[in-house]
Amino acid sequence: MKIVELKILCVLFFAVCASAQVMPMTDFNLGKMAGKWYLVGFATNAKHFVKIYKADMKMGTAMMVPTEDGDLDLSYTHLKSDGSCFSLKNLAEKTEIPGRFVFHNKRWGNDNDMRVVDAKYDEYAIVHTIKTKEGKSEVLNKLHSRTTEITDDLKEKFRQFCLDTGILKENIAILTKNGTLSQSLWSLILYNNSF
């Protein structure tokens, strides 16, 4: 048992060290991030991910809206298996480095350092986030796509990026399609800051 725990600690340490070196893409364009994205890939070094969440995760939808101040308003939602809606909204504040944002997630109580590391804005964006809570950090990589279909090459690019940032292959998920929310429900989510 101690060997397994030691391996997990080593992987977490490597992941946090590798993440500190991950920088945003050099030619980041905030305006081109605007609009609707599908969350099609999800990977993390969080210990609980494989046991609790991975098997049930499905594609979600994200709306990214740049603000006049250069921040990024993030709204994420997905349909749960019981037909209810899970939604999350954060205002990612710009930093002095283009493509790097920070925010505090009230729902989960963690601080987030988010970097857009690669994007072809009309196709995909790879986002790397370091989440810190009570002095412990975890890595979260997301693959966003403008459509629900992605190529094998893009899957491999995301997989390799995740491995390079210290995430185990079993913690990398390409998400399956899910139902969609109605436009009226999306409108409520976009303008409701109470969640």
(Q) Can you tell me how far apart CG (Leu163) and CD (Gln160) are? Round to the nearest 0.5 Å. (A) 5.5 Å

Q. At what distance, to the nearest 0.5 angstrom, does CD1 of Ile150 lie from NE2 of His144?
A. 12.0 Å

Q: Determine, using the 4.5 Å side-chain heavy-atom cutoff (strictly less than), whether Phe161 and Leu175 are members of one ILVMFWY cluster.
A: yes

Q: Answer yes or no: is there a side-chain heavy-atom contact under 4.5 Å between Lys136 and Lys131?
A: no

Q: Determine, stepwise, if the pair Asn141 / Thr44 fulfils side chain to side chain donor-acceptor pair (under 3.5 Å).
A: CA-CA 6 Å; Asn141 293 331; Thr44 181; over 6 Å; no

Q) Hey, what do you get for OG (Ser145) to CD (Glu123), rounding to the nearest 0.5 Å? A) 8.0 Å

Q: Would you name the heavy atoms of His128 and Val117 that are closest together and state the gap between them?
A: CB-CG1, 3.9 Å

Q: Evaluate the side-chain contact (heavy atoms from CB on, under 4.5 Å) criterion for residues Phe86 and Thr77: first the C-alpha distance (whole Å), next the side-chain angles of each, then the deciding distance (0.1 Å), finally the verdict.
A: CA-CA 5 Å; Phe86 171 85; Thr77 188; 5.7 Å; no

Q. Run the side-chain contact (heavy atoms from CB on, under 4.5 Å) check on Thr61 and His78 step by step: do they pass?
A. CA-CA 6 Å; Thr61 308; His78 75 265; over 6 Å; no

**Q.** Residue pair Leu140 / Lys142, side-chain heavy-atom distance below 4.5 Å
**A.** yes

(Q) Do Thr129 and Arg115 make a side-chain contact, defined as non-hydrogen atoms from C-beta onward lying under 4.5 Å apart? (A) no

Q.
Ignoring hydrogens, what is the shortest heavy-atom contact between Asp73 and Asn90? Give both atom names and the distance.
A. OD1-O, 3.5 Å

Q) Do Phe158 and Ile174 have side chains that get closer than 4.5 Å, going by heavy atoms? A) yes

Q. Passes side-chain contact (heavy atoms from CB on, under 4.5 Å), Phe28 versus Ile97? Steps please.
A. CA-CA 10 Å; Phe28 176 74; Ile97 301 170; over 6 Å; no

Q. What distance do Asp164 atom CG and Gln21 atom CD have between them, rounded to the nearest 0.5 Å?
A. 13.0 Å

Q | Value rounded to 0.5 Å, distance of CG in Asp27 from CE in Met25 | A | 4.5 Å

Q | salt bridge (Lys or Arg N to Asp or Glu O under 4.0 Å) partners of Glu93, counting only residues at least two apart | A | none

Q. Is a side-chain donor or acceptor of Lys133 paired with a backbone partner of Trp108 at a separation under 3.5 angstrom?
A. yes

Q.
Could you check whether Asp113 pairs with Arg100 (Lys NZ or Arg NE/NH1/NH2 to Asp/Glu carboxylate O, under 4.0 Å)?
A. yes

Q | Test ring-ring contact (aromatic ring centres under 6.0 Å, His included) applied to Tyr124 - qualifying residues, sequence neighbours left out | A | none

Q) Do Phe103 and Leu88 belong together in a cluster built from hydrophobic side chains that touch within less than 4.5 Å? A) no

Q: Over all heavy atoms of both residues, which pair between Phe101 and Gly70 is shortest? Give the atoms and the distance, please.
A: CE2-O, 3.6 Å

Q | Shortest non-hydrogen contact from Cys162 toward Ala43 | A | SG-CB, 3.4 Å

Q) If every non-hydrogen atom of Lys89 is compared with every non-hydrogen atom of Ser75, which pair is closest and at what distance? A) NZ-OG, 3.4 Å

Q. Salt bridge check: are Asp118 and Lys157 linked by an N-O gap of less than 4.0 Å?
A. yes

Q. What's the shortest heavy-atom distance between Ala92 and Leu74, and which atoms?
A. CB-CD1, 3.9 Å

Q.
With a 4.5 Å cut-off on side-chain heavy atoms, are Leu91 and Thr67 touching?
A. yes

Q: Answer yes if Tyr38 and Met64 sit in the same cluster of Ile, Leu, Val, Met, Phe, Trp and Tyr residues linked by side chain heavy atoms under 4.5 Å apart, and no otherwise.
A: no

(Q) Are the side chains of Trp37 and Arg146 in contact, using a 4.5 Å heavy-atom criterion? (A) yes

Q.
Side-chain heavy atoms nearer than 4.5 Å, only ILVMFWY residues, links allowed to pass through others: does that put Tyr121 and Leu143 together?
A. no

Q.
Please report the interatomic distance CD1(Ile126) to NZ(Lys120), rounded to the nearest 0.5 Å.
A. 13.0 Å

(Q) Apply side-chain contact (heavy atoms from CB on, under 4.5 Å) to residues Met33 and Val116 and explain how you reach the verdict. (A) CA-CA 10 Å; Met33 287 297 294; Val116 180; 4.2 Å; yes

Q.
What verdict does the side chain to side chain donor-acceptor pair (under 3.5 Å) test give for Asn112 and Asn110, after you've listed the backbone C-alpha separation in whole Å, the side-chain angles of each residue and the deciding distance to 0.1 Å?
A. CA-CA 6 Å; Asn112 294 260; Asn110 55 28; 2.8 Å; yes

Q) Okay, side chain of Arg107, backbone of Ser87: is any donor-acceptor separation there less than 3.5 Å? A) yes

Q) Leu39 and Leu72: same hydrophobic cluster, using ILVMFWY side-chain contacts below 4.5 Å? A) no

